[in-house]
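Order of the sequence lines sets the chain letters (A, B, ...), proteins ahead of strands, with each chain counted from 1.
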Amino acid sequence: MKPTELTGLPAGVGEHLEGEGVEALYPPQAEAVEAGVTDGENVVAAVPTASGKTLIAELAMLSAVERGGTALYIVPLRALASEKKTEFERWEEYGVTVGVSTGNYESDGEWLGSRDIVVATSEKVDSLVRNGASWIDDLSCVVSDEVHLVDDRNRGPTLEVTLAKLRRLNHDLQTVALSATVGNAPEIADWLDAELVDSDWRPIDLKTGVHFGNAINFADGSQREVSVDSGGKQTPALVDDTLDEGGSSLVFVNSRRNAESAASRLGGVTSEHLTDEERGELRELATAIRDVSDTATSDDLAECVAKGAAFHHAGLSSEHRDLVEGAFRDRLIKVIAATPTLAAGVNTPSRRVIVRDWRRYDPEFGGMKPLDTLEVHQMMGRAGRPGLDPYGEAVLLASNNDTKEELFERYVNGEPEPVRSKLAAEPALRTHLLATVASGFANTREDLLEFLDNTLYAVQSAGNAQLETVTDTVLDYLEANEFVEREGDTITATEIGHTVSRLYLDPMSAAEIIDGLRDAAGETGRDRQYGSRGGLDRDADADADESAGFTTANDLLDEGALENGDGEEKDEQSAEAEEADADADGTDDVSALGLYHLVSRTPDMYQLYLKSGDRDEYEEVLFERETELLGRTPLEYDDVAFEEWLSALKTARMLEDWASEVDEDRIAERYEVGPGDIRGKVDTAEWLLNAAERLAGELDLPNVVSVREAKKRVEDGVREELLDLTSVRGVGRKRARRLFEAGIESRADLREADKPVVLGALRGQKTAETVLENVGREDPSMEGVVADSDAKRAGREEAGGQASLGDF
DNA sequence: GTCTTTCAGGTCTAGACAGCATGTC
DNA sequence: CTAGACCTGAAAGAC
C-alpha cells in the first residue's frame with residue numbers, strides 16, 4: 001500500500017511521506033490500516049522497535065485531526081516527549097499543530113487545548129485529568145507509546161489507570177497502543193477492546209547471537225570469527241571488529257561503574273581508528289563536555305570522548321546525555337558503554353549491540369538476577385540503523401558453553417515475558433484511589449471497584465480478590481489520615497485530600513509531611529489516631545501481603561527543633577547555613593535541614609544510597625543535629641527504619657550543601673554522585689517543598705515561612721542572605737555571591753550601587769546592563785564604566801565553572 | 001632495593017515521573 | 001537458596 005492511497009488524512013500528508021522515501025507501508029503498518037487505525041478504530045500494535053510504530057501512531061492521530069478531533073500521545077519519558085514533538089512538528093505545514101506537556105516543560109494549560117496533537121508523559125496526563133483540564137474531555141484519539149510499561153512496578157499503574165480514565169471520560173475515544181513484542185499481546189488488545197497487530201517483521205534484518213570463544217554464533221546458524229586477543233576480553237575484540245567495518249557499537253552493562261570503566265578501556269580501542277579530523281572534532285566535544293559541569297564525572301567523560309568512546313548513565317546531566325547521544329548518532333563517538341538508560345530512552349541506533357552483562361544485582365532477589373527477556377530484547381532492538389546499515393547485530397557474551405546455551409535459550413530464542421499489571425499494590429492504589437475519589441470518578445467502594453474493572457488488572461485476575469482486599473486496606477489508610485471521609489457507603493475526598501491529589505503527591509508523602517510539620521509546630525495531632533506510615537508499604541510491591549496494623553507515630557513531639565548551636569565539628573559551610581537559620585526571627589522556625597530531611601524520607605524521594613562507611617558518619621551527624629529533625633528518630637534496633645532515616649539524612653545534607661552554595665564538584669565528590677543525580681534530587685526537593693508549603697498553608701500551620709524559604713534556597717542553590725538578589729532575573733547563585741561580596745546585598749543596593757563595583761562583580765558589560773535593567777534601575781547603561789578592581793578580585797575567588805542546571 | 005605482577009579480600013550494585021511560574025554563567 | 005566486576009593492598013616475583 002502506498003501512502004498516497006491512504007484515505008482520511010490531511011491533504012498533502014501522503015505525498016509528504018513519499019517525499020520522505022516511504023514508498024510503501026511496512027507490513028505491520030498496512031495491517032494497522034486494515035484494522036482501521038485511520039478510521040478511528042482501537043488498535044494495539046505489538047511490533048519490534050524501529051519497525052515503524054511511530055507512523056502507525058501518526059496515521060491514527062492525523063486522521064483523527066482530519067476528522068476535526070484532537071489527539072494525545074503518551075510517552076514514558078520526558079526526553080521522549082520532546083523527541084516526538086519535534087518529529088510531529090513536520091506536519092505543521094499541513095495545518096496540524098503540536099504541543100508538549102511535561103512536568104518541567106509546560107506550554108500553558110488552555111493553550112494546549114488549542115493544539116491538534118499534544119505529547120505528554122503518563123504522569124502529566126494523569127495530573128491533567130486530576131486537575132480537570134477541560135480539553136481532555138474533548139480528545140478523540142489517544143496513543144500510548146510503550147504500553148508494555150504497564151508492567152513496571154512504580155509507574156505502570158499510572159499508565160493503566162490513566163488510560164482507563166480517559167476511556168471512561170469519553171467512550172468514543174480511539175485508543176491506539178504501541179508495544180514491544182510481548183508474551184501476551186492479545187490480552188492487552190482485549191483490555192483495550194482493540195484489534196491486534198502482532199508482528200515480528202523488521203525493516204532491516206537483526207542478527208542475534210552469542211559470542212563464545214573466537215566467534216559469534218548467530219541464531220541463523222552462521223558464524224563470524226572474532227578472535228579474542230591475549231587479554232581474553234571479548235568486548236574490546238567485538239568493538240574492534242565492528243570498527244574494522246566502519247560501524248559503531250553499543251555496550252550494555254549492569255552498573256554505572258562498569259559503564260565508566262568499560263568506556264575508558266574501550267577508548268584504547270576506538271582511538272586506533274580515528275582520522276585526524278575526527279580527533280579534532282572529538283577534542284572540541286570533550287571541551288564542550290567539560291564546560292557542562294565541573295565534576296569528576298564530567299572530566300572522565302571528556303577524557304573518554306576525546307578517544308572516541310563514551311559512557312552513559314543517569315548520573316550524567318541532561319546536557320551530557322544530549323552531547324553524547326548526538327555525537328554517537330553523527331558517528332563521531334564510536335562506542336557507548338551504557339546502563340539501561342539508553343535502551344529505554346531516545347533513539348540511538350548502532351550497527352552492533354553488545355549485551356555484556358545479562359544479570360543485574362537485585363536486593364530483593366538477593367543476588368544477581370537475569371534480566372527479563374523483554375528488557376534484553378529492547379537493548380538488542382537498538383541494533384541496526386535503518387538506511388545506514390545493511391543489517392544490525394546483537395551479541396550476548398558467554399564465557400563458557402553452558403552460559404552460551406542458556407543465553408540462546410533465554411534471550412535469542414526465548415519469548416518475551418507476558419506483561420502483568422502491578423496495580424494491586426498498596427503504593428499504587430493509595431495514590432490512584434484517592435485521585436479517583438477526588439476527581440469524582442467514584443464515590444462508593446462499589447463504584448471504585450467497578451472503575452477498577454476497566455483496568456488490565458481486572459482482565460488478568462478475574463475472580464481474584466486481592467484487588468478488593470488491598471482497596472479496603474488503602475481506604476482505611478486514606479480515612480485514617482483524613483484524606484477521605486466515609487458516611488455510610490459514600491466516600492468523599494476531604495479538602496486536604498483534594499489538594500494532595502492535585503499536587504500529585506503520594507498520600508503517604510503528604511501524611512509524612514503533615515505529621516512532620518505539625519510536630520514542628522507543637523501540635524500533638526490528638527485528632528489523629530494513626531500515624532503516617534501504618535502498615536503500608538513504602539515502596540511498590542505487588543505481591544507482598546499487607547497487614548493493616550497502624551501504629552501511632554505522633555504521640556510525642558520533639559522539644560525545640562530550633563536549637564542549633566554547636567557547630568564545632570561541622571563543615572564550615574553547613575555550620576554557617578545553620579546559623580543563618582537560627583538568626584531568622586519567629587518562634588516556629590524550622591531549620592532547612594529539618595525540612596530537607598522531612599521531604600527526603602518521603603516515598604516520593606529516591607534517596608541516596610548509604611554506603612558502608614557512611615553509616616558511622618551519618619550516625620554522628622544524626623547525633624549532632626537530631627534536634628533539627630522533625631518527628632521522632634526510629635529506634636536503632638529497628639534496622640530498616642533507622643537506616644532509612646540515615647539515608648534521608650544523607651540526602652538532606654546534600655540538599656543543605658547545595659542550598660549553602662557548596663560547589664557542584666565538591667558535592668559530587670562528597671556524596672559520590674554525578675551531576676545528574678544532584679539535579680534530580682534538587683528538583684524533587686523543590687517539588688516536594690512546594691507541596692509542603694501548600695499543605696502548611698491550607699492546614700494553617702505556622703511554619704509556612706520556613707518552608708518557603710527552604711524551598712527558595714534549594715531552588716536557587718543559595719543561602720538565605722542571597723535570596724533577595726537571586727530573585728532578580730539574570731542573577732544566579734554565582735553572580736549573587738559575587739555581588740554580595742562586593743557589598744551589594746539586596747535589590748535595593750543594586751539599584752543604588754556604584755556602577756564600577758557592579759561591573760566588577762558581574763564581569764561582562766552586557767550582563768551588567770541586563771541585570772540592572774531587570775532590577776529596575778533608572779539608568780542601566782554601562783557605557784564607559786570601568787570595572788572596580790576590588791570587586792573583580794572578590795569575584796575571582798568564586799570563579800570556577802558552575803554548571804548550568806537549567807533543563808535542556 | 002625498587003618496580004611490577006598476582007592474588008586474596010572487601011566493596012558495591014539501573015532508572016527518573018510529578019507542581020509552579022519563568023529564566024543560568 | 002542465589003553474583004560478579006572492580007579496587008585495594010599486601011605479598012611474591014623480576015630485574
Side-chain angles (χ1 to χ4, degrees), chain A residues 75-79 81 101-106 108-109 120-128 130-131 149 152-155 158-159 252-262 291 294 313-315 318 338-345 356-357 359-363 365-371 375 399 431 499 502-506 509 604-606 609-613 672 676-677 679-681 683-684 686-694 711 715-717 726-736 738 762-764 767 770-771 774 798-808:
Chain A
V75 291
L77 257 36
R78 294 201 285 230
S101 179
T102 66
N104 64 25
Y105 183 79
E106 163 124 34
D108 156 80
T121 53
S122 35
E123 284 76 11
K124 188 63 192 191
V125 177
D126 187 16
S127 166
L128 288 165
R130 293 185 189 194
N131 287 286
L149 291 173
D152 185 284
R153 269 177 194 297
N154 303 308
R155 298 180 53 210
T158 302
L159 179 56
F252 285 105
V253 299
N254 65 3
S255 73
R256 292 179 178 192
R257 197 174 57 178
N258 287 347
E260 295 188 14
S261 58
D291 284 347
D294 187 25
H313 56 63
S318 52
T339 56
T341 6
L342 211 60
R356 192 193 80 177
D357 301 338
R359 283 187 283 211
R360 183 165 50 227
Y361 179 78
D362 181 345
F365 186 71
M368 298 300 273
K369 188 179 177 183
L371 301 184
E375 193 176 349
S399 56
T431 180
T499 304
R502 279 195 299 262
L503 287 171
Y504 213 80
L505 278 182
D506 180 335
S509 296
D604 277 309
M605 176 77 89
Y606 199 80
Y609 182 75
L610 207 57
K611 302 200 194 325
S612 68
E672 295 176 81
D677 302 293
R679 182 63 223 174
K681 297 299 175 288
D683 221 37
T684 311
E686 239 176 272
W687 168 58
L688 286 169
L689 285 164
N690 180 264
E693 185 189 338
R694 289 275 297 276
K711 180 190 78 177
E715 241 172 63
D716 297 341
T726 47
S727 70
V728 177
R729 193 194 302 178
V731 180
R733 73 197 298 230
K734 289 288 167 189
R735 286 178 183 168
R738 286 200 301 267
L762 294 178
R763 319 253 173 81
T767 312
T770 316
V771 167
N774 290 337
E798 290 285 320
Q802 180 55 52
S804 104
L805 288 174
D807 278 339
F808 298 107

Kindly say whether [Y] contributes a backbone atom to a donor-acceptor pair with the side chain of [X] at under 3.5 angstrom?
X: A:Asp604; Y: A:Leu505; result: no
X: A:Arg359; Y: A:Gly367; result: no
X: A:Asn774; Y: A:Arg729; result: yes
X: A:Thr684; Y: A:Gly680; result: yes
X: A:Asn131; Y: A:Ser127; result: yes

In whole angstrom, what separates [X]'s [atom1] from [N]'s [atom2]?
X: A:Glu715; N: B:dG19; atom1: CD; atom2: P; result: 15 Å
X: A:Glu123; N: B:dC17; atom1: CD; atom2: C1'; result: 4 Å
X: A:Leu762; N: B:dT24; atom1: CG; atom2: P; result: 13 Å
X: A:Asp126; N: B:dC17; atom1: CG; atom2: P; result: 15 Å
X: A:Asp716; N: B:dA21; atom1: CG; atom2: C1'; result: 13 Å
X: A:Asp357; N: C:dG4; atom1: CG; atom2: P; result: 11 Å
X: A:Arg738; N: B:dT24; atom1: CZ; atom2: C1'; result: 11 Å
X: A:Asn774; N: B:dT22; atom1: CG; atom2: P; result: 14 Å

(request) Report the residue (A:Ala736 or A:Thr121) whose heavy-atom-nearest nucleotide on DNA chain B is the more 5′ of the two. (result)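 Final value for this comparison: A:Thr121.
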(message) Please compare A:Arg735 and A:Gly315 by the position of their nearest nucleotide in DNA chain B and report the one closer to 5'.
(response) A:Gly315
What contact category does [X] fall into here, base, sugar-phosphate, or nothing, at under 4.0 angstrom with non-hydrogen atoms?
X: A:Thr684; answer: base
X: A:Gly676; answer: nothing
X: A:Arg729; answer: sugar-phosphate
X: A:Asn690; answer: base
X: A:Leu688; answer: nothing

Does a nitrogen or oxygen in the side chain of [X] sit under 4.0 Å from OP1 or OP2 of [N]?
X: A:Arg155; N: B:dG15; answer: no
X: A:Arg694; N: B:dC20; answer: yes
X: A:Lys711; N: B:dG19; answer: no

(request) Determine the minimum heavy-atom distance between A:Leu77 and A:Gly345, stating which atoms define it. (result) CD2-CA, 3.8 Å
Strictly by Watson-Crick or wobble contacts shorter than 3.5 Å, is anything paired with [N], and which nucleotide is it?
N: B:dT6; value: C:dA10
N: B:dG23; value: none
N: B:dC17; value: none

(message) Is any side-chain heavy atom of A:Ser318 closer than 4.5 Å to one of A:Arg679?
(response)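 A:Arg679 vs A:Ser318: side chains apart.
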(message) A side-chain contact here means heavy atoms from C-beta on lying under 4.5 Å apart; do A:Arg735 and A:Val728 qualify?
(response) no
(message) What's the gap between C:dA5 and B:dA14 when it is taken at their P atoms, as a whole Å value?
(response) 15 Å
Give me the distances for all protein-to-nucleotides 10-14 of chain B N/O pairs that come in under 3.5 Å?
from   : atom 1 : to       : atom 2 : distance (Å)
B:dC12 : OP2    : A:Ser612 : N      : 3.3
B:dC12 : OP2    : A:Ser612 : OG     : 2.7
B:dT13 : OP1    : A:Lys611 : NZ     : 3.1
B:dA14 : OP1    : A:Arg256 : N      : 2.8
B:dA14 : N1     : A:Arg360 : NH2    : 3.4

